[in-house]
Number of protein chains: 2
Amino acid sequence: MSKTTLLVIDDELAIRRFLRASLDEDQFKVIEAADGREGLRLAATEKPDVILLDLGLPDVDGISVAKGIREWSSTPIIVLSAREQERDKINALDAGADDYLTKPFGVGELLARIRVALRHSKKSPEEPVFRAGDLEIDFAAHIVRKGGVEVHLTPNEYGLLAVLARHAGKVVTHKHLLAEVWGGAYSEESHYLRVYMGQLRHKLEDDPTRPKLLTTEAGVGYRLKTE
Amino acid sequence: MSKTTLLVIDDELAIRRFLRASLDEDQFKVIEAADGREGLRLAATEKPDVILLDLGLPDVDGISVAKGIREWSSTPIIVLSAREQERDKINALDAGADDYLTKPFGVGELLARIRVALRHSKKSPEEPVFRAGDLEIDFAAHIVRKGGVEVHLTPNEYGLLAVLARHAGKVVTHKHLLAEVWGGAYSEESHYLRVYMGQLRHKLEDDPTRPKLLTTEAGVGYRLKTE
DNA sequence: AAAACTCCTTACGATTTCTTGACCGCCTGC
DNA sequence: GCAGGCGGTCAAGAAATCGTAAGGAGTTTT
């Protein structure tokens, strides 16, 4: 397993240095962003395990950064801020942040809170087999069956189907699908989805022209129907 | 859906009173334990959604209570403590607590952190479903049902309905609706609302001519009735 | 080296959704 | 009565989104 990656979004060089020194040691890989735009970009491309976010950024507001990340990812966000107004804390937490630490804080506490965040993001054990109609997905073995017979899917096709199945019945947004399968940096390439959904339908639908399983929610995303 | 249940484990009557007063209102059901043994018992029997735990208990140490709960449950634990030593925080967080608030704290912040905890634990349990008459809105799945059958809505229609549902029973002004769905720049285009409210009524009202659910407040805005 | 496979890209027609304007009815104030 | 504001309805054209087929690039298999 590769090292746990932390993304630090803070405009002050001194803070970044301090955090790097405290965290860089053996356990974490630390990457840095000096402003909000860079932070959003790195959050998408590097897929960090935890994000440490300062509120007082030069370009975008920290709250907006948190919201931007939450649009497609549930990576834990710990806000580090000098602002100790209750209003700021509530806003940040409701915007999607998972924790809020007021500067100055102890490194030990920060580490403990990072451990909490990592504990949370550990995925719960999943169902080994998914079923919907005559469709069967064996997540462990990466095998898909339709009406009992195995259907070969390419890695991207399987990834797409797996995400839809994990949220079966729900609409999954374009952004979310792209982030999960291609990575956060591809969240605008929604034409990929059209191509691959088409291929999935050809392999899995009785009548690919009239999809019953893999339905489109125009302008929003796609859905794997359960019944 | 039953109310969200909070378990307060604290030996000081004053604190319990204060928390009950702050939390009891409409949104939460609050149950109390005055010591650790009672707390563990209630955590098991009542299955609360969130546990608020004081560290300075008369019988068992708060840390041990947290560990005891973690042996069989992953219910979120928020520690409320007068101790502000970093050592205490680290111990509590590593013992399984999900958050640590130092007394005195603001009620608003506590509520925000409870919301964070609920957000985390909401991975499997029931979805937040809004109901009014035979109308059902499943926000997580992005699905609207009327009388049990699914109704397809376009993004704008869904957005409009969602805003009204979020303020169910209250009047939502034209400006507010337009700002939420179309963006702040469209706050004068109240004609859009007439068109889309018409479409929503067609899809959701028994008699679109005589709306019972989606009512007009002349000169002000619209309202989704709750009954 | 050829064949097979997967991924990405492009183009274009089909479909869905959004916007806009015309028209109607109702109520109110003049 | 009647003008004017407000809200509702309808439909057509514009715009955005979607589905599909096909081909090239890169990689792996045979």
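With rounding to the nearest 0.5 Å, the separation of CZ in B:Arg119 from CD1 in B:Ile114 is 13.0 Å. Residue B:Leu161 holds its CG atom at 13.0 Å from CD of B:Gln199, rounded to the nearest 0.5 Å. Between atom CG of residue A:Leu57 and atom CD of residue A:Glu38 there is a gap of 12.0 Å, rounded to the nearest 0.5 Å. Remark: A:Lys146 NZ to A:Leu213 CG distance equals 7.5 Å, nearest 0.5 Å. Here the straight-line distance linking atom CG of A:Asp99 with atom CD of A:Glu109 works out to 8.0 Å at 0.5 Å rounding.
Taking a 4.0 Å limit (strictly below) on heavy-atom distances, residues 151-162 of chain B does not reach DNA chain D anywhere.
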Close N or O pairs between protein and nucleotides 8-14 of chain D (under 3.5 Å):
unit_1 : atom_1 : unit_2   : atom_2 : d
D:dG8  : OP1    : B:Arg201 : NH1    : 2.9
D:dG8  : OP1    : B:Thr216 : OG1    : 2.6
D:dG8  : OP2    : B:Tyr222 : OH     : 2.7

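Distances shorter than 4.0 Å separate some side-chain N or O of A:His174 from OP1 or OP2 on D:dC18. Residue B:Tyr196 places at least one side-chain N or O under 4.0 Å from the OP1 or OP2 atom of C:dC18.
By the 4.5 Å heavy-atom criterion applied to side chains, B:Leu214 and B:Met197 are counted as neighbours. Using a 4.5 Å heavy-atom cutoff, the side chains of A:Leu111 and A:Phe28 are in contact.
The two residues A:Ile78 and A:Arg113 come nearest to each other via the heavy atoms CD1-O, 3.8 Å.
A side chain to side chain contact (heavy atoms under 4.5 Å, CB included) with B:Leu160 is found for exactly one of B:Leu153, B:Thr154, B:Leu224, B:Leu200, namely B:Leu200.
Judged purely by atom type and a 3.5 angstrom limit, A:His202 has no side-chain atom pairing as donor or acceptor with the backbone of A:Gly198. A donor-acceptor contact shorter than 3.5 Å is absent between the side chain of A:Asp61 and the backbone of A:Ser64.
Taking B:Glu217 as the reference, B:Arg223 meet the side-chain hydrogen bond (donor to acceptor under 3.5 Å, both in side chains) condition, with sequence neighbours excluded.
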Solution key, residues 173-186 of chain B side-chain donor-acceptor pairs under 3.5 Å, sequence neighbours excluded:
unit_1   : atom_1 : unit_2   : atom_2 : d
B:Thr173 : OG1    : B:His176 : N      : 3.1
B:His176 : NE2    : B:Glu180 : OE2    : 3.2

**Request:** Would you write the dot-bracket representation of DNA chain D, where each base gets (, ), [, ], | or . depending on whether it forms a Watson-Crick or G-U pair under 3.5 Å and with which partner?
**Result:** ||||||||||||||||||||||||||||||
**Message:** Return a single string for nucleotides 23-30 of chain C, one symbol per nucleotide in 5' to 3' order, where B is base contact, S is sugar-phosphate-only contact and - is none, cutoff 4.0 angstrom on heavy atoms.
**Reply:** --------
